[in-house]
Amino acid sequence: MLEEYKNFILITCKEIGFPEGILSLILEPEYIEIRNIPYEYEGKISTFRGIKVTHSLKIPFYLGPIRMKENVNLDELKLLSLFTTWQSFLLNVPFSGISAGVEINETFIKNNKKRRFFTEKFISRINDNNVFFYPEMGYEEQDTFFYNFLGKVPEMGGIPQRREILKRGLKIILDKFSEIEDINFKKKRVLIHGAGKISLLFFEIMNEINAEVIGISDSKGAIISDTIDYEKLLSLKKEKGSVKELDGKRITNAEFVISETDILVLCGSSNVINKNNFEKIKAKVIVEVAPSGINYEIYEILLKDKKVLPDMIIGLPINLINSLEALRRYSPLFSGEDIKYYEDNLKNIFSDIYAFSVAKNKSLRLSAQMISLYRFGRFLSHRGI
């Protein structure tokens with residue numbers, strides 16, 4: 001996926017006339033650190049691998065995901081660091097994209113005490129107060145207690161009612177998208193690919209806008225039914241860690257993506273829709289929450305008969321709430337005015353992207369990337385680059 005994404009950015013750079021001399025500052029992370037970190041746990045001494053990828057050192061503040069996996073993919077981390085930079089510049093918030101991976105045994109990942117131990121070891125090696133991580137795969141809320149971590153409860157420096165504010169932001173983007181594309185979500189059938197926290201949040205949103213979630217998936221398989229009971233889903237996720245025991249038809253993830261539905265919400269892994277299956281996709285509307293959920297090589301082709309809300313845009317509320325929480329270090333209050341700024345910023349940037357899209361006759365995804373690169377280019381110019 002990284003090469004496809006870089007090709008997409010390269011196309012965008014050519015569209016706006018960026019000089020070739022600065023492409024290396026755009027297409028490749030500026031700094032990659034890979035360490036074998038020693039540790040002693042329960043009397044045993046060993047090492048684990050920690051990876052940190054920073055897109056640009058020209059910006060003194062860094063924001064991005066940290067993932068805990070048995071096998072960390074460096075290309076995936078590179079892609080995430082680039083993607084976060086572009087979203088930040090699209091939102092006009094002062095962060096360079098960063099991503100990190102903590103590579104440990106899967107049995108450790110499932111143990112809360114050990115997750116905390118290895119995360120603390122990794123973050124202590126970074127020793128940079130201007131780095132802020134938002135946790136992704138393998139982490140739970142009780143793990144986000146470190147100073148550099150976001151998503152905390154208010155007593156630990158988090159934004160009050162963070163989840164509800166994030167939900168409001170996502171609904172703003174969905175409302176704007178449905179308005180320009182003339183989509184009515186009411187009573188539409190929805191499949192949600194992925195069963196993590198953001199997937200559950202979208203499940204709630206779909207319920208609130210009267211859409212009907214008829215299927216959900218996770219890494220162990222997928223379930224399709226006439227309707228999915230949200231409370232039962234929450235209970236099974238808590239008790240079993242999977243959706244596979246929900247009532248309904250059990251199918252593979254590959255079958256799930258091409259199943260009959262009105263709306264497909266991609267909250268799981270990247271490259272879910274690709275050159276091998278895009279012609280079989282039956283959903284008419286695709287909400288691409290996961291970064292690069294749709295392969296860049298087939299994205300424009302997919303738009304010929306699909307309406308797509310791209311990752312760069314639907315992910316803006318997530319990036320913005322993380323940015324605001326990181327900035328609370330310098331301004332600790334999060335007031336009603338801050339919430340208004342949050343909502344107005346999302347509305348304004350969507351309007352800017354849409355106006356650009358119409359004026360230039362470009363897709364929403366390409367328009368968002370072009371605006372972000374324009375702003376990054378101006379930033380480099382101000383720095384004398």
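- A donor-acceptor pair under 3.5 Å is formed between the side chain of N274 and the backbone N or O of N271.
- Electrostatic pairing of R189 and E212 does not count as a salt bridge here, judged by no charged N lying under 4.0 Å from a carboxylate O.
- A side-chain donor-acceptor contact under 3.5 Å links T252 and E255.
- Between the side chains of H55 and T85, a donor-acceptor pair is found at a separation under 3.5 Å.
- Side-chain rings of F95 and Y62 stay apart, their centers remaining 6.0 Å or farther from each other.
- Looking at E208 and K171, a side-chain N of the basic residue comes within less than 4.0 Å of a carboxylate O on the acidic one, giving a salt bridge.
- No option in V308, I258, N295, V257 other than V257 meets the side-chain contact (heavy atoms from CB on, under 4.5 Å) test with I273.
- For the pair K307 (side chain) and E181 (backbone), a donor-acceptor distance under 3.5 Å is present.
- Salt bridge present: D311 and R365 bring a charged side-chain N and a carboxylate O closer than 4.0 Å.
- The main-chain N or O of Q161 is never found under 3.5 Å from a side-chain atom of E164 such that the two would form a donor-acceptor pair.
- A perpendicular orientation is assigned to the rings of Y39 and F118, their planes being inclined by more than 60° (bins at 30° and 60°).
- Salt-bridge annotation for K275 and E4: absent, with no side-chain N of the basic residue lying under 4.0 Å from a carboxylate O of the acidic one.
- A donor-acceptor pair shorter than 3.5 Å cannot be found between the side chains of R116 and N111.
- Residues passing the salt bridge (Lys or Arg N to Asp or Glu O under 4.0 Å) test with K58, sequence neighbours excluded: E30.
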Ignoring hydrogens and angles, write down the donor-acceptor pairs under 3.5 Å from the side chains of residues 366-377, residues two or more places apart or on other chains.
residue	atom	partner	partner atom	Å
S367	OG	S363	O	2.8
S372	OG	W86	O	2.6
R375	NH1	F89	O	3.4
R375	NH1	L90	O	2.5

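- Not a single donor-acceptor pair under 3.5 Å links the side chain of Y354 to the backbone N or O of I180.
- Look at E325 and R162 and you find a salt bridge, because one of the NZ, NE, NH1 or NH2 atoms lies within 4.0 Å of a carboxylate O, short of that distance.
- Between K78 and E76 there is no salt bridge, since no side-chain nitrogen of the basic residue lies less than 4.0 Å from a carboxylate oxygen of the acidic one.
- The shortest side-chain heavy-atom distance between D247 and S225 does not fall under the 4.5 Å cut-off.
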Checklist entry - Can you list the steps and then say if I32 with L74 is a side-chain contact (heavy atoms from CB on, under 4.5 Å)? => result CA-CA 9 Å; I32 299 173; L74 181 57; 4.1 Å; yes

